[in-house]
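Data first, discussion second: the structure below is written as structure tokens.
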Amino acid sequence: MTSRPTIFAVLLFISLAIFAWGCWRRFSLLTIGQREDRFDNPGQRVLEMLKYAFAQKRVLAKPFGINHFVIFWTFLILLVANSEFILNGLFPSIKLIKLPFELYVPLVFMIDMASILALGAVVIAYVRRIVAPPFPEARTAEAFVILTLIGMLMVAYFFLNASELATIMYRSNSDPASFLATAGKMMPVSALIAGLLPQAQLGSIHGAAWWLHALALLTFICYLPNSKHMHILTAIPNCFFRRLEKPNTVPREEFKAGNTFGVDRVDHFTWKDLLDSFSCTECGRCQNACPASLTKKPLNPRGIIHDIKVNLLKNGPGLKNGQQPVKALIGEEGEEHCCDEAIWACTTCGACMEACPVFIEQMPKIIQMRRHFVETEARFPEELLNLFENMEGRSNPWGIAPSERTKWSATLDVKPFDSDTTEYLFYVGCAGSFDARNKHVTVAMTQLLDKAGVSWGILGKEEKCCGDSVRRLGNEYLFDKMARENVALFKERGVKKVIVQCPHCFTTFKNDYRQFGLELEVIHHSELLRNLVQDGRLVLDKTTAEFGSVVFHDSCYLGRHNDVYDAPREVIAAATGAAPAEMERNRNNAFCCGAGGGRMWMEEHGGERINLARVKEALEQKPETICVSCPYCMTMFEDGLKDVKSEGVRVRDLAEVMAEAVLR
Amino acid sequence: MLIVVCIKQVPDTTQVQIDPVTNTLVREGIPFIVNPYDTHALEESLRLKDRFRCKVAAISMGPPNAEATLKKALALGVDKAILLSDRVFGGADTLATSNVLSAAISKLNTEMDEVGLVLCGKQTIDGDTAQVGPGIASRLGYQQLTLVDRIENLDLSQKRIRVSRKLEGRHEIVEAPLPAMLTVVRELNRPRYPKVPMRLAAADAQVEVWNNQVLKLDEQSIGLKGSPTWVSKIFSPERVVGEILGDGYADPEGTAALLIEKLMAKDMLPI
Ligand SMILES: Cc1cc2nc3c(=O)[nH]c(=O)nc-3n(C[C@@H](O)[C@H](O)[C@H](O)COP(=O)(O)OP(=O)(O)OC[C@H]3O[C@@H](n4cnc5c(N)ncnc54)[C@H](O)[C@@H]3O)c2cc1C
Ligand code: SF4
Ligand code: SF4
């Protein structure tokens, strides 16, 4: 009969070959992606990787994360046990017990404990997936197979160890009670089981457990690179290669004849985008944070990432050999989750990216696909035609004559910006200039600026739209033109410091225009007002009670995309004398108002309206005032309140709240 | 078959003012756009091109900067773009304009391909006369189908076209032999948006310029000399600010009620 090491060696060799082939097959597909530099700041990258991949900081942000944390770390510890198992399988003389005793005892103790913890975590994961899965589609056969395999490994390990212990015990003729008590200090669980095993069958139990362990391990090795559990191999590098700056923008495009614009083929994505698709753990956190998914729109950020992977596996091998794709990625003929309606449903709120434990960047991929629709195919929801033409012809979303940009200031004493005499440009923005409701915010701001003695001026009729909506909607060609014009204008006028009252202008100037060579000091009015109060330039003798209980709504582009969470809260607290009430989902978990990503200008089809969902959440706090820091949020909340017929609740921008306290 | 579409560059009229002294439009500093009706004519020509694989030429009479308008047409997919530009064409009224445009269409007919359709906008937003299209049709002896809101049928083998005309409160279905001149209304279609690769190609493409050395028209029939129209006065009617009722922001309901009351008092609301 062939000896066990020989059979094992053959099986191991086959498994490793399958493993290597699976890894090569998938990893080599990354080479069809476009170039992208993710190797800068290696030191910082290592730290980030330790923090997020090993310390699992984001995984732990959700209650169930602890379960994954346990599986991850026990897995690392058990790598030692499994390495021993493999080596011992090949060369039976190699055993852990040959290590120095001081090393051996703590090691086996850790392994024993890790195994029971892992088994417990697997059982919990199993039950959770049956009883309350993170999302319904998570009950896949694949998930159960993997959990079963891990469970089998643990059970086999215990029986293997226990049968070995029992064999030693009987061979040495020692007293079972005292032997097990001593062994129990080293391997509590294995010792417990050892006491229960029948002496006569020890040999066959050992043999069966050994083979069960071997087969489970080898199956796991074969399965790994060919399943969603490939994330075990890719998640760590994915954290290493994450975007070190917030992924709040998208890269520029080069407008040269012959280039492609946007993405409709999987090889138009960068290699990092493709690595993202292999790194998805299918935890569903993104879709459980996504305002579109949660209001029953066809968009599912997990689905988008999943479909990129599916499409890559289908098309990748052919594309690598210069063939055409066999299956479209987007549109009607494309993958399920990359249909037109899904791609247009995104508000670019960034909740998906904030939730993803392995830093997958869903939003920029969606914008890339929009770029393909708009730029290459000129195909988009019909409402957007007017928007694009208004932006191109008149540099504002409504198509109002640019000469009307300064109408709000007709009765005020407002000076033009002059770099010699004014410190700040107050960039009013389209909503602040044209929208009837938001013009009140503009006026409140100007009064506060004057009161605090800030030196400011406006560009007046020369002011143009910042282009935020068109960029998020994928009309990069138009955005490029608008951005270049604005950058030239700002440079020509010597603008260095800009006050904005709109988070969309804020992020565009701060993050997007940097790609166009403009470094500005951009300050959102929430930060400016906070500073003015702190510096004693806005004096609050008494706070205003006018607003009653105030609940604050975080704007996505102020909070999640730019990390400004405290300033608006401090402004409200200063003005009203009390910290604002918080909605259930707040700060980085805040729920979008529905207007970002150009959705402000689009019809919302199907499901519940996003603004209604958010308004209802705000009303749970029984506020008298809902305070916002963004003109789009203002519109969405005012509209939403009308729809729920909630009398007596007002929406106010924080500048209005502050003006009430300071100016009365 | 060749389709010729006539497009005019017009000032964005919401931003236009009239010089009180010279009675002429102040065009300085005002952005130009393609006459909105002409964008629909252009779109229809491109749809016919997609369907019948015919060629489309866009022509425009105007100053050299009207080239931008024709580049937009190229970006949308016309095959040829011609700018009719010459100092002697300047100051043209509708008669002189249609003389120049007709001459260009004839030249295209002999040199490029047989013209089957000429598409014009219903009218422009600056001149507003709605005369140029019909002028072209009479000069060239083409059938004249104005105010078209739908092309019902185009039969290239029989050389016939059937269209729906949008008139006050009714539609008229008219059939005519080709060649025909159509003026179109906005309801005809939704204009497309240019694709970036086409925009880039158009930016590099050449717009042909034809001056009067090319068209060789009698100077008495073109430009100021060929224009019998004499503009005696242009003025903006004075707008008086009416009565301001209530405060719509502070009290929207109350203000609306005031308005209703007022309208009812003047018997302006049907009850
Ligand atoms: C009262 C009045 C004042 C005028 N004032 C001036 C002035 O201050 N300055 C000045 O330069 N001219 C002036 N003009 C003349 C001239 O600009 C007219 O606008 C021109 O003759 C076209 O007429 P229209 O704009 O009414 O076109 P319409 O007859 O309304 O246009 C119908 C269609 O014809 C086609 N079309 C018209 N013009 C052109 C063109 N040039 N190229 C290609 N296609 C075209 C378009 O498809 C258009 O939709 C004036 C004309 C009038 C009647
Ligand atoms: S950015 Fe927001 S709306 Fe878009 S997919 Fe992510 S969570 Fe959903
Ligand atoms: S993309 Fe990220 S958050 Fe979404 S399911 Fe995958 S791993 Fe989870």
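By convention in this document, chain letters (A, B, ...) are assigned in the order of the sequence lines, proteins followed by strands, and residues within each chain are numbered from 1. This structure is a prediction, so every number in the text was calculated from the model and none was measured.
Between Pro197(B) and Thr376(A), the shortest heavy-atom contact is CD-CA, 4.4 Å. Minimum heavy-atom separation, Leu385(A) to Pro191(B): CD2-O, 3.2 Å. Nearest approach of Val196(B) to Tyr477(A), heavy atoms of both residues: CG2-CB, 3.6 Å.
For Glu377(A), the part sitting under 4.5 Å from any heavy atom of chain B is the backbone (N, CA, C, O) and nothing else. Using a 4.5 Å cut-off between heavy atoms, Asn475(A) contacts chain B through its side chain alone, with no backbone atom that close. Heavy atoms of Arg437(A) lying under 4.5 Å from chain B belong exclusively to its side chain. For chain B, the nearby part of Phe261(A) is the side chain; its heavy atoms alone come within less than 4.5 Å.
Within a 6.0 Å sphere centred on NZ of Lys55(B), other residues, nucleotides and ligands contribute 12 heavy atoms or fewer. By the 6.0 Å contact criterion, NZ on Lys166(B) is open, its count of non-hydrogen atoms from other residues, nucleotides or ligands being 12 or less. Within 6.0 Å of CD on Gln515(A) lie more than 12 heavy atoms contributed by other residues, nucleotides or ligands. At most 12 non-hydrogen atoms from other residues, nucleotides or ligands lie less than 6.0 angstrom from CZ of Arg150(B).
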task: Determine, stepwise, if the pair Glu389(A) / Arg190(B) fulfils salt bridge (Lys or Arg N to Asp or Glu O under 4.0 Å).
output: CA-CA 13 Å; Glu389(A) 287 186 340; Arg190(B) 282 185 72 88; over 6 Å; no

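At a threshold of 4.0 Å, the pair Arg199(B)-Glu392(A) counts as salt-bridged, since one of the basic side-chain nitrogens sits closer than that to a carboxylate oxygen.
Partners of Glu375(A) under the salt bridge (charged side-chain N to carboxylate O under 4.0 Å, His left out) rule, at least two apart in sequence or in another chain, do not exist in this structure.
Side chains of Leu384(A) and Tyr193(B) form no contact here, defined as non-hydrogen atoms less than 4.5 Å apart.
In this pair, His440(A) and Tyr249(B) present their aromatic rings parallel. The plane angle is below 30°, not in the 30 to 60° band.
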